[in-house]
Amino acid sequence: MNKLYTILCFLSGLFFFADAGATHLVGGSMSYEYLGLQNNGNYRYRITIKMYRDCAASTVPFDDEIEVGFYNNNSEKTLSKILTVPKITEIPVDPPSGGSNCSFQPNVCIRQAIYQGIVDLSASTLGYHLIFRRCCRNTQQNIIDDMGQTYYAFIPNTSINNSSPFFTEVPAPYICRNDLVSIYNTAKDKDGDSLVYELNTPWSGGSESDPMPGLPFNMPTFQNVIYRQGFNVNIPFGNSGVANIDKRNGVTEIKAPGLGRYSIAIDVSEYRNGVLISKIRLDIQMIVIDCPPNAVPDIKTQNNTLNYTVKEGEPLCFDVIG
């Protein structure tokens with residue numbers, strides 16, 4: 001009887017362990033807002049992490065709280081502080097919607113969680129690296145399985161009094177296979193600093209065997225994800241796909257010839273007076289779905305002609321029907 005009890009407990013632990021590391025993450029980003037210098041000489045910041053999970057592919061819930069590590073930007077990159085950040089909201093992300101006469105409703109499900117906390121940091125001329133790691137992504141077509149995510153931001157010299165850029169769009173867009181689309185992965189900056197965008201290789205972070213890695217004394221090395229054969233940072237959707245980003249505004253041009261889920265990363269570098277002061281990253285998953293053919297509208301003018309005679313300075317008005 002005692003042996004049977006031991007085996008049952010062991011199996012129960014296995015099921016719990018598998019659930020804790022199950023695939024579910026879609027993407028997200030980390031940002032911060034400067035809140036002011038405190039009476040004790042510390043600098044206060046509000047830390048925000050936006051995280052997304054695929055509720056169609058997995059039932060694994062968001063964590064109730066997460067831990068963010070603050071590492072000194074010195075040669076050893078030593079751990080300065082660990083902040084426990086609670087989840088403050090969780091909402092569903094609306095799927096792509098058609099018009100009132102459109103019957104196409106894709107079978108997708110994405111949820112967003114926002115984690116937020118306040119931290120006081122000692123004055124530093126070198127700044128701090130902010131890191132959070134979690135496993136695991138759901139199955140991707142362009143990277144191998146068992147790849148987690150690393151969320152990152154950088155606080156510069158605390159006397160600069162800087163708030164980081166933050167992304168304004170939901171980083172879980174659905175796109176139709178073989179459609180060339182433009183996606184607005186743009187960020188805002190409350191300080192009015194100049195922003196430069198770049199496509200990059202996503203980072204891993206955590207694994208099925210270690211879904212929530214601890215925060216070591218020295219800052220962990222960033223590990224790039226491993227691409228499947230036929231994919232890399234320059235062709236994240238394969239040889240016949242398209243992935244370009246406008247470095248000035250973050251508008252991303254994408255075409256994916258294959259169905260499924262694809263991971264990319266967008267880095268935003270923040271410049272003030274021409275000097276790089278900060279950087280954040282958006283880890284984003286594109287969900288490529290099959291869409292019904294789209295009928296091209298038939299455009300007509302009121303009298304079916306575009307030939308008009310007018311005098312200089314006179315207004316010309318006509319209806320266009322589509």
Side-chain angles (χ1 to χ4, degrees), residues 27-37 43-52 68-74 77 80 112 114-119 121-132 149-173 181-203 219 222 224 233-234 236 242-254 263-286:
S29 62
M30 182 190 300
S31 61
Y32 60 87
E33 179 184 5
Y34 173 67
L35 299 180
L37 179 63
Y43 291 81
R44 179 165 293 179
Y45 298 86
R46 178 184 293 112
I47 311 301
T48 301
I49 298 98
K50 293 182 179 179
M51 196 180 306
Y52 300 85
V68 176
F70 295 77
Y71 287 87
N72 295 299
N73 187 31
N74 53 22
K77 291 186 170 55
S80 172
Q112 177 199 67
I114 295 179
Y115 296 82
Q116 204 165 75
I118 304 295
V119 64
L121 297 174
S122 301
S124 171
T125 59
L126 299 176
Y128 297 91
H129 299 274
L130 284 58
I131 291 180
F132 163 66
Q149 296 178 341
T150 295
Y151 293 71
Y152 174 78
F154 178 72
I155 295 176
N157 183 332
T158 50
S159 65
I160 294 178
N161 302 345
N162 181 63
S163 294
S164 76
F166 61 93
F167 290 95
T168 58
E169 303 294 330
V170 174
V181 298
S182 293
I183 298 175
Y184 297 90
N185 296 308
T186 52
K188 290 184 179 180
D189 187 86
K190 64 176 294 185
D191 304 317
D193 296 321
S194 298
L195 305 180
V196 177
Y197 299 79
E198 180 186 11
L199 284 173
N200 219 323
T201 302
W203 291 320
M219 190 174 83
F222 295 115
N224 289 337
V233 64
N234 298 313
V242 174
N244 299 310
I245 193 167
D246 190 321
K247 67 178 183 179
R248 300 165 299 176
N249 56 31
V251 174
T252 310
E253 189 179 55
I254 288 173
S263 287
I264 62 174
I266 297 175
D267 288 338
V268 180
S269 299
E270 178 184 11
Y271 290 83
R272 185 173 299 177
N273 299 322
V275 178
L276 175 65
I277 61 171
S278 181
K279 181 178 286 189
I280 64 169
R281 163 171 286 217
L282 172 67
D283 196 310
I284 177 174
Q285 173 185 267
M286 302 292 178

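Because the structure is a prediction, the values reported are computed rather than measured.
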Hey, does the side chain of N73 reach the backbone of L126 with a donor-acceptor pair shorter than 3.5 angstrom?
yes
Compute whether any side-chain donor of one residue and acceptor of the other, for N224 and T201, lie under 3.5 angstrom apart.
no
May I ask you to test the F154-S269 pair for a side-chain heavy-atom distance under 4.5 Å?
no
Between the main-chain N or O of R272 and the side-chain N or O of D193, is there a donor-acceptor pair closer than 3.5 Å?
no
Heavy atoms only: give me the nearest L276-Y271 pair and the separation to one decimal.
N-CD2, 3.4 Å
Quick check for you: to the nearest 0.5 Å, what is the distance between E198 atom CD and D267 atom CG?
6.0 Å
Any side-chain heavy-atom pair from Y32 and S278 closer than 4.5 angstrom?
yes
Distance col, row S80:OG vs M219:CE, nearest 0.5 angstrom, shows 13.0 Å
Side-chain heavy atoms of T48 within contact of F166, under 4.5 Å
no
So, using side-chain hydrogen bond (donor to acceptor under 3.5 Å, both in side chains) as the criterion, who are the partners of Y152 when residues are at least two apart?
H129
Give the minimum heavy-atom separation between T158 and Y43, together with the two atoms involved.
O-CE2, 3.4 Å
Evaluate the side-chain proximity of D283 to Y151: yes if any heavy-atom separation is below 4.5 Å, no if none is.
no
Only counting residues at least two apart or in another chain, list the ones meeting salt bridge (Lys or Arg N to Asp or Glu O under 4.0 Å) with R46.
E33
As an exercise, state the distance from CE of M51 to CD of Q112, rounded to the nearest 0.5 Å.
11.0 Å
For a side-chain contact (heavy atoms from CB on, under 4.5 Å) check, start with the C-alpha distance between F132 and M30, then their side-chain angles and the critical distance, and finish with the verdict.
CA-CA 9 Å; F132 163 66; M30 182 190 300; 4.0 Å; yes
Nearest-0.5 Å distance that lies between atom OG in S163 and atom CG in D191:
5.0 Å
For the residue pair V196 and V268, establish whether any side-chain heavy-atom pair is separated by less than 4.5 Å.
no
Closest heavy-atom contact between Y45 and L35?
C-CD1, 4.0 Å
Just wondering, do F70 and I47 contact through their side chains at under 4.5 Å, heavy atoms?
yes
Side chains of F222 and R281 in contact at under 4.5 Å (non-hydrogen atoms):
no
Over all heavy atoms of both residues, which pair between I280 and A153 is shortest? Give the atoms and the distance, please.
CG2-CB, 4.0 Å
Locate the shortest heavy-atom distance separating S182 from V251; write the atom from each residue and the value.
CB-CG1, 4.0 Å
Around K77, counting heavy atoms of other residues, nucleotides and ligands shown, do more than 12 lie under 6.0 Å from its NZ?
yes
So CG of L121 and CG of L130: to nearest 0.5 Å the spacing works out to 7.5 Å
Under 3.5 Å, is there a donor-acceptor pair between the N249 and Y184 side chains?
no
Rounded to the nearest 0.5 Å, what separation is found between the CD1 atom of I254 and the CD1 atom of I284?
6.5 Å
Heavy atoms only: give me the nearest N162-S164 pair and the separation to one decimal.
ND2-N, 4.0 Å
Are side-chain heavy atoms of I264 and L199 found at a separation under 4.5 Å?
yes
side-chain hydrogen bond (donor to acceptor under 3.5 Å, both in side chains) partners for Y34, two or more places apart:
N161
